[in-house]
Structures are given as C-alpha cells and as structure tokens.
Amino acid sequence: MTVRTRFAPSPTGYLHIGGVRTALFNWLFARRHGGQFILRIDDTDAERNRPEALQPILDGFRWLGIDWDEGPDVGGPYGPYFQAQRKDLYYQAAMRLLETGHAYPCYRTKEELDAERKEAEKAKKSYIHRGEHRQTPPDECLRLYRHKPALVRLKVPEGRGVIIDDLIAGKVEVQTEAIGDPVILRADGSALYNFATAVDDIHLKITHVIRAKEHLSNTPVQVLVYEALGASLPKFAHVPVVNAPGSNKKLSKRDAKKFMTPEIVAKLRAVHAVPADWTDEQVMNLETLNPVMVAFYQALGYLPAALVNYFGRLGWSLDDKTEIIPLEDMIRHFGLERVNNSPAAFDPEKLLWLAGEYMRMLPLEDKTAGVIPFLQRAELVGDSVDEATRIKIRRVLEACGDRLKVYSDIFQYGAFFFRDPIYDPQAVQKRLRKEGAAELLRNISAELEKIAPFEHAELETRLKPYCEANNLKIGDLNHVLRVATTGVTIGPGVFEILAILGKEETQRRIGTALQLVESV
RNA sequence: GCCCCCAUCGUCUAGUGGCCUAGGACAUAGCCCUCUCAAGGCUAAGACAGGGGUUCGAGUCCCCUUGGGGGCACCA
C-alpha cells in the first residue's frame, strides 16, 4: 500500500510556522516512502474562513518547494479537496451510521444541554453526554431523523478503552466513559470537524495521519468514527507543537501582534516590504508579515532551503551532530522514530545562522538573480536589469562575500553602490571631522588619480607604499576613505569598494565628503 | 474539576541500563585573524526538574511530587 499523507490547513489565517513544520513532516514522510502528499482545505467553518487566505498558503508552500500530489490547483482522483464541497459525503456517511445503529438523532436543545452541563459542574462531575435515543432501534432513529432533522450524535460504545498506537506519542489509551457522544452532524446537515476529518481521511485513503499534538485528544473520537464506518485505521503520528521563542507556550498566530516590535517594523521598512508612506501604526497592524508567518522570511530574503532545513530539524534529528541537512538527505533519512515527543521552541537566531550557511553555499549566479528583486523593490536598480548592471551586482555580491545571510542584507552592506552615500553623522564625526582628515582625504584623492588600472590589486599595491611613506597605518587611510565613499563604517573591503565604484565615482564622492566636512 | 501527554545546557538536540567525567549545534564570553562589519579558527562557561524505588550499575526502567502543555464544544 502506498503511503498517503495529508496536510489540511483551514484558510483562516496565513501560513504560519507551526503549520509549515507539520506539513513538511507529512511531505517528507510521503517523499521518503515514495507516496503521495495531499493538500486538503478545511474550510467548513464559513464564519472564520477567508477565501483570500488560501492563495498565500499555496504560494508559501510553493516557495518552500513543498509540492502536493493532490489538492487545490492540481486536482486528483479523490476530490473535491475542499471540505465545503464535500458535504454530501459527510451526510451520506452520517446516514449510514444512523442505519447501522452507530448514531442517533438528538433533540435536546442547547439550553437543556447547558443546564445539564452546569449541573454536572456543580456536582463536580465531568459532563459526559449520552442521548436518550441511544437505545432507540436504527430504523426508528432513521424515521425520527427523516421526520424531523436534528443533531446527529455518534453512539460511543460503553465500557471499553480506545487505544491509539501513536508513532510519536506512543501508546495512549482512553476509556470510552470519558468520551461524551459527539455531535457529528448539525441540524442543518453540516458536519463537525472530528467527523469530517475521519470521513475525509478514509475517503482519501490516508495511511499516515501526521498532525499537531493538540489533535491527540480528538483522535479517540475519530477512531470511533473509523470503527463505526467499518474502515481500517491509519497510523497516527502526533507532532509536538512549536513553542514561541524562549517560552513554553505554543507559537500562535494570535501572538502575531506581540512580534510587531519597533525593530520588526523598522526591518520591514528597510526591505521595502511595505509602502514607504505607511505609518508605523499601519505597519504594526499588518498581520501577514511577522515572524510567525512564512511570508515574513520570504520578504526578508531568507533562502527557502534554509527554512526547510530549520523546520526539519525542529523536533527531528538526523543524528547526534548534523545540522545542515540538504533536502535530498532529509528525504532519504526522514523518519517518525526520530521525531521528539516534546515541544520545541522556535529559535529565530538559529534560523538566521542556517540562512547564512545556505547563502554561503549558493552559487554567485543564483545569488545575483535572487538579490535583484530586492534591489528593484527598493528602487536601487530599474525594473529591467541590463548586462552592465548585472555584472555590477555580481561584483558587489562578490565583494560582500559571506556577509549576506539573507538577501535583504544587501541594503546594509551594499546599498551605497547603487545610490549616493547617505552620510551617517556618527561615522562622519568619528572619521572625517578629525584633525587632518580632510587634508588626508585630499592627498589620497591626488594619489588615487594616478592609479591605473583602478582595480583592487593595483589600489592595494599602490596605496600601501603611500601609507608607509607618509607614516600612516593602512587602517587610518581606509577608515577615512570608507566613510567618504560610502557614508558608513561597515561594508566590504575598501579596495573592493573603490574598484567597483570606479575612479570617477570615487573622486566625486570624495569631493562630496570634503564639501560636507568643510561646510560646517 | 476531570482525562491525556511532556520534562537533558538559555535554545535545538544526541543519548533506548555500563561506551556519559553527558556529545554536537545556535546564542553568549575571551583570544586569534583583520582597514570596518560579517565570516573563519581556537578556547571557555553552560543541562539530566526534585524525591523515592528496581538493579552490581540509571539521563536511560517504575512510582510520587513539581512544573508545563493539550483536551473536556452544534471551532478547526
């Protein structure tokens, strides 16, 4: 039997990290065993469902390279893949249960139920609902239901345990005494989650249900549905939740606001992920781009491979030391046996480190192609990039070396290559407003004028003797030159910078810097 | 309240009774390299939640306590 796994997001929010991790585990497991990975959309809750929230989810998966064999856009033999379009299936299954005596209609009103619940609470007993039609014969139940549709409840068998042999959580047993007869169908004929999920998983021939740990306590009910429907059980694997950084609380999209610190807002502005004329208030209220969402990392220019590696390692390990696990290796070795059975906290710093490692491994050509959209969004290069610009970008990237961990780091290390320097007052104060700095700059300028070709090696071999002759340290010269030509104190090596800028531009910037210093 | 689950450095993890004086990684600190910033190299600090058992021997098995999580819906 071929392995079939599924991920069933509900389009109520955007693709967030915990979901991606769960989806990735499903995907890896399917790929590892040459099976199929299915995307099913749990959109039965019309109130919370936002149709526009689906596209970002699909886009996010595609960006990460998590593809699905069946689901939205691609179809498949067991469709439709939207629960909202599968209502007939649930209804039919519920009718079958009614016929076979595994379910019964329940005419109790909400008020009555609430009262019973309150009573039980008062008596300090847990409330386990058992409807009066449990004992009613199937044909009578069916007749009643046809006559007057109502809630349909599953008849939970009494006096036995339900055992879940979970691939991650181990053996879990629950007594049926602790399970109230669950509603499987509302009076309007719509299905409830626990029922719809089981019906779908049966219909989709899912062999391995890999999902978040919070569903573990739902599983006994679903197992009972499987049994009532006469279906064979899939394997279950409940993946522990992902916790918020530095906490033992589950990472939640409802936490999104908390992540919107001034630092994050500044970061989003820096990468031009939001319109420049937005107020801080507007950016703060943006719920789609924050560290809980995958789109955030895309906007900042994280390499998708790094995210996949990170999420793969969050709760799963290859061995006792491997951190960087290329996708092919992950697929080859992924297994549920090595998934931890305790929650893991999301660590953005380790993710950043991994992003840097992947960026470092990326061929220059790919890096160039990847960084261009970021430069375009910031309007540092035009919409169409000609060959000369492309070569320049490549040279800039080469000069930046391993400094780039994510694409948006280009703004920090290389923006000045594509626009005039923005002189940082502190840098100017420290390096240019020093005694003799202006004169030094003028002298260097004269020296630079004599250098040809204006290349890294030539600059270095000519400027070093100059320093020695004038009793200067190379650093003294470079600091001044760096601030004069870039406006800031950080960046690639100064000789590389000058070579990329070219003699003319270098001289022009030195001139600007001199004017700036002498104007006050 | 009831039911279920979890527990190794700050964080991700290795560990399935002797290989553990508990290994690796991120982060942290120091040093080296160096024109800045990164990167890199070296070094340091840092954990078996607590208490009982079982055993010749326990991070590893059992029980209790504590702490945490999830569920107990006509949400998914």
Side-chain angles (χ1 to χ4, degrees), chain A residues 8-10 12 42-45 47-49 83 106 110 113 117 120-121 123-129 150-153 164 166 169-170 172-175 177-180 182-188 190-194 196-197 212-220 238 240-241 243 245-250 310 313-324 338 340-354 356-357 360 400-405 409 412-413 427 431 460 463 467 473-483 486 488-495:
Chain A
S10 47
T12 53
D42 279 13
D43 55 354
T44 47
D45 188 356
E47 280 172 40
R48 298 202 314 181
N49 174 22
Q83 284 194 328
C106 177
K110 202 169 207 161
L113 251 24
R117 210 182 313 258
E121 212 167 291
K124 295 231 187 287
K125 290 209 303 219
S126 54
Y127 177 68
I128 302 299
H129 182 78
L151 295 183
V152 178
R153 285 184 190 270
I164 297 150
D166 194 280
V172 179
E173 182 168 3
V174 180
Q175 294 305 314
E177 274 61 43
I179 306 171
V183 176
I184 57 175
L185 222 57
R186 297 185 182 93
D188 66 1
S190 63
L192 270 86
Y193 171 77
N194 272 327
T197 296
K213 190 62 153 280
E214 62 220 70
H215 292 285
L216 183 59
S217 30
N218 286 321
T219 308
H238 286 92
V241 297
N243 285 339
S247 97
N248 44 20
K249 292 267 188 284
K250 184 187 154 200
Y310 180 77
R313 268 288 285 113
L314 195 63
W316 173 81
S317 62
L318 176 62
D319 55 28
D320 60 340
K321 48 176 69 76
T322 314
E323 296 290 344
I324 295 170
R338 289 188 72 90
N340 253 350
N341 194 20
S342 50
F346 171 60
D347 181 359
E349 288 185 330
K350 188 157 183 176
L351 171 59
L352 217 212
W353 167 74
L354 254 178
E357 294 299 306
R360 177 158 47 171
C400 285
D402 294 339
R403 271 164 272 246
L404 252 62
K405 290 182 171 170
D409 285 339
Q412 187 181 358
Y413 293 115
R431 299 297 184 196
E460 191 157 0
L463 254 16
C467 286
K473 277 189 294 195
I474 192 82
D476 300 332
L477 177 138
N478 278 338
H479 290 313
V480 172
L481 257 180
R482 174 184 296 282
V483 175
T486 71
V488 292
T489 56
I490 66 164
V494 167
F495 300 123

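We use all heavy atoms of the structure for the numbers below, so side chains are in, but hydrogens, waters and symmetry mates are not. So that the names make sense, note that chain A is the first sequence line, chain B the second, and so on, each numbered from 1.
When the C1' atom of B:A76 is taken as reference, atom CG of A:Asn218 falls 9 Å away, rounded to whole Å. One can place CZ of A:Arg482 at 11 Å from P of B:C35, the figure rounded to the nearest angstrom. Computed from coordinates, the A:Lys321 NZ to B:A14 C1' distance equals 9 Å when rounded to whole Å. Atom CZ in A:Arg338 sits roughly 9 Å away from atom C1' in B:G15 (whole-Å rounding). As rounded to whole Å, 12 Å separates atom C1' of B:A7 from atom CG of A:Asn243. Atom CD1 in A:Ile474 sits about 8 Å away from atom P in B:C35, given to the nearest Å. Rounded to an integer number of Å, the gap from NE2 of A:His215 to P of B:G70 is 13 Å. The nearest whole Å value for the distance from the CG atom in A:Leu113 to the P atom in B:C74 is 7 Å.
Among the protein residues, A:Gly401 comes within range of no part of the nucleic acid, since none of its heavy atoms lies under 4.0 Å from any strand. Looking at heavy-atom distances under 4.0 Å, A:Leu151 makes contact with a base. Using a 4.0 Å heavy-atom distance criterion, A:Lys473 is classed as making no nucleic acid contact. Among the protein residues, A:Tyr413 comes within range of the nucleic acid bases, having at least one heavy atom under 4.0 Å from a base atom. Contact annotation for A:Ala345: backbone-only contact, meaning every heavy-atom pair under 4.0 Å involves sugar-phosphate atoms and none involves a base. Counting non-hydrogen atoms under 4.0 angstrom, A:Pro182 reaches nothing in the nucleic acid. Using a 4.0 Å heavy-atom criterion, one finds that A:Gly315 contacts the sugar-phosphate atoms exclusively. Counting non-hydrogen atoms under 4.0 angstrom, A:His238 reaches nothing in the nucleic acid. Note on A:Glu460: nothing from the nucleic acid sits closer than 4.0 angstrom, heavy atoms only. Looking at heavy-atom distances under 4.0 Å, A:Glu323 makes contact with a base.
Look at the C1' atom in both B:A7 and B:A47: the space between them is 12 Å, to the nearest Å. Taking the P atom of each, B:C61 and B:C5 are spaced 15 Å apart, rounded to whole Å. Taking atom P in both B:C63 and B:G69, one finds a spacing of 23 Å when rounded to whole Å. Look at the C1' atom in both B:G10 and B:A49: the space between them is 15 Å, to the nearest Å. Nucleotides B:C33 and B:A39 place their C1' atoms 11 Å apart, quoted to the nearest Å. B:A25 and B:G71 have their P atoms separated by 37 Å, with the value rounded to a whole Å. Comparing the C1' positions of B:C9 and B:C20 gives an interatomic distance of 15 Å, to the nearest angstrom. Rounded to whole Å, the P atom of B:U43 lies 24 Å from the corresponding atom of B:C19.
The shortest distance between the side-chain N/O atoms of A:Thr489 and the OP1/OP2 oxygens of B:C37 is not below 4.0 Å. An OP1 or OP2 oxygen of B:U36 is reached within less than 4.0 angstrom by no side-chain nitrogen or oxygen of A:Asn478. Here A:Lys350 does not reach the OP1 or OP2 of B:U13: none of its side-chain N or O atoms lies under 4.0 Å away. OP1 or OP2 of B:A14 lies within a sub-4.0 Å distance of a side-chain N or O belonging to A:Asn340.
For A:Val172, whose side chain is taken as the heavy atoms from C-beta onward, the closest listed nucleotide among B:C74, B:C35, B:C4 is B:C4. Counting only heavy atoms from C-beta on, A:Arg153 has its side chain closest to B:C74 among B:C37, B:A14, B:C74. Between B:A76, B:U36, B:G10, one nucleotide has an atom nearer to the side chain of A:Asp42 than all others, and that is B:A76. Considering only side-chain atoms of A:Trp353, the nucleotide from B:A27, B:A76, B:C12 that sits closest is B:A27. In this structure, of B:C5, B:C12, B:A14, it is B:A14 that holds the atom nearest to the side chain of A:Asp320. Here B:A73 is the nucleotide among B:C35, B:A76, B:A73 with the atom lying nearest to any side-chain atom of A:Arg117. For A:Lys110, the side-chain atoms get nearest to B:C74 when compared with the rest of B:G24, B:C12, B:C74. Closest to the A:Asp347 side chain, of the nucleotides B:C74, B:G10, B:G70, is B:G10. If you check B:U13, B:C6, B:C26 against the side chain of A:Ser317, the one that comes closest is B:U13. Of the candidates B:A7, B:G70, B:A76, the closest approach to any side-chain atom of A:Ser342 belongs to B:A7.
In summary, of the residues considered (A:Leu151, A:Val152, A:Leu192), a side chain to side chain contact (heavy atoms under 4.5 Å, CB included) with A:Leu185 occurs for A:Val152 alone. Paired with A:Ile490 under the rule side chain to side chain contact (heavy atoms under 4.5 Å, CB included), one option of A:Arg482, A:Arg403, A:Gln412 passes, and it is A:Gln412.
Nearest-nucleotide assignment on RNA chain B puts the 5′-proximal partner with A:Ile490, out of A:Ile490 and A:Lys249. Judged by closest nucleotide on RNA chain B, A:Ala169 is the one of A:Ala169 and A:Asn194 placed further toward the 5' end.
Side-chain N/O atoms of A:Ser190 and A:Asp188 include a donor and acceptor closer than 3.5 Å.
Side-chain contact check for A:Lys405 versus A:Trp353: every heavy-atom pair is 4.5 Å or farther apart. A:Ile179 is listed as a side-chain neighbour of A:Val174, based on a closest heavy-atom distance under 4.5 Å. In this structure, the side chains of A:Ile474 and A:Phe495 come closer than 4.5 Å at one or more pairs of heavy atoms.
As the counterpart of B:U66, B:A7 is assigned, both hydrogen-bonding distances of the Watson-Crick or G-U wobble pattern falling under 3.5 Å. Under the Watson-Crick or G-U wobble criterion, with both distances below 3.5 Å, B:A29 is paired with B:U43. In this entry B:U60 has no Watson-Crick or G-U wobble partner, no candidate having both defining distances under 3.5 Å. Nucleotide B:G1: paired with B:C72 (Watson-Crick or G-U wobble, both distances less than 3.5 Å).
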With side chain to side chain contact (heavy atoms under 4.5 Å, CB included) as the test, would you mind laying out the steps for A:Ile128 and A:Glu177 before giving the verdict?
CA-CA 8 Å; A:Ile128 302 299; A:Glu177 274 61 43; over 6 Å; no
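A salt bridge links A:Lys250 to A:Glu214: at least one charged side-chain nitrogen sits closer than 4.0 Å to a carboxylate oxygen.
Checked by atom type and distance alone, the side chain of A:Asp347 pairs as donor or acceptor with a backbone atom of A:Glu349 at under 3.5 Å.
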